[in-house]
Amino acid sequence: MEIVIQVFLIFLGIYAGIGLLFGIYFFVKGASQLDPLIKDSKWTVRLLLFPGAVGLWPIVLLKIINLQKIQP
């Protein structure tokens, strides 16, 4: 049982680490790709989106990739 818990915690740490890196990218550049009006807003709006981007990074990443496929 300890091995299962250790594997789960390692997976959770990797997921959170990738999410943190993606959250930084999203804070700097990714949010404006999803919504062009973010460019004109304050940085605090992006800061509010940061935790969601960290937690849901696979979904947000797929949305950004799909937008890049549509827009040449």
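- Taking the side chain as every heavy atom from C-beta outward, I59 and L62 never approach each other to under 4.5 Å.
- Between W57 and Y15, the distance from one ring center to the other falls under 6.0 angstrom.
- Between the CZ atom of F50 and the CG atom of L20 there is a distance of 5.0 Å, given to the nearest 0.5 Å.
- Residues Y25 and I65 share a hydrophobic cluster, clusters being chains of Ile/Leu/Val/Met/Phe/Trp/Tyr side chains in contact below 4.5 Å.
- Between I64 and F26, the closest side-chain pair of non-hydrogen atoms falls below 4.5 Å.
- Tracing side-chain contacts under 4.5 Å through hydrophobic residues (I, L, V, M, F, W, Y), one reaches V60 starting from I18; they form part of the same cluster.
- In this structure, I10 CD1 and I5 CD1 are separated by 12.0 Å, a value rounded to the nearest 0.5 Å.
- In terms of heavy atoms, A53 sits closest to G23 at CB-CA, 4.5 Å.
- More than 12 heavy-atom neighbours from other residues, nucleotides or ligands sit within 6.0 angstrom of CG on L48.
- If you take CG on L56 and CG on L49, they are separated by 11.5 Å, rounding to the nearest 0.5 Å.
- In this structure, CD in Q33 is found 9.0 Å from NZ in K39, a value given to the nearest 0.5 Å.
- Distance check, rounded to the nearest 0.5 Å: CG of N66 to CG of L61 gives 9.5 Å.
- With R46 contributing its side chain and A31 its backbone, the two residues share no donor-acceptor pair below 3.5 Å.
- L47 and F22 are assigned to two separate hydrophobic clusters, defined by single-linkage of ILVMFWY side chains at heavy-atom distances under 4.5 Å.
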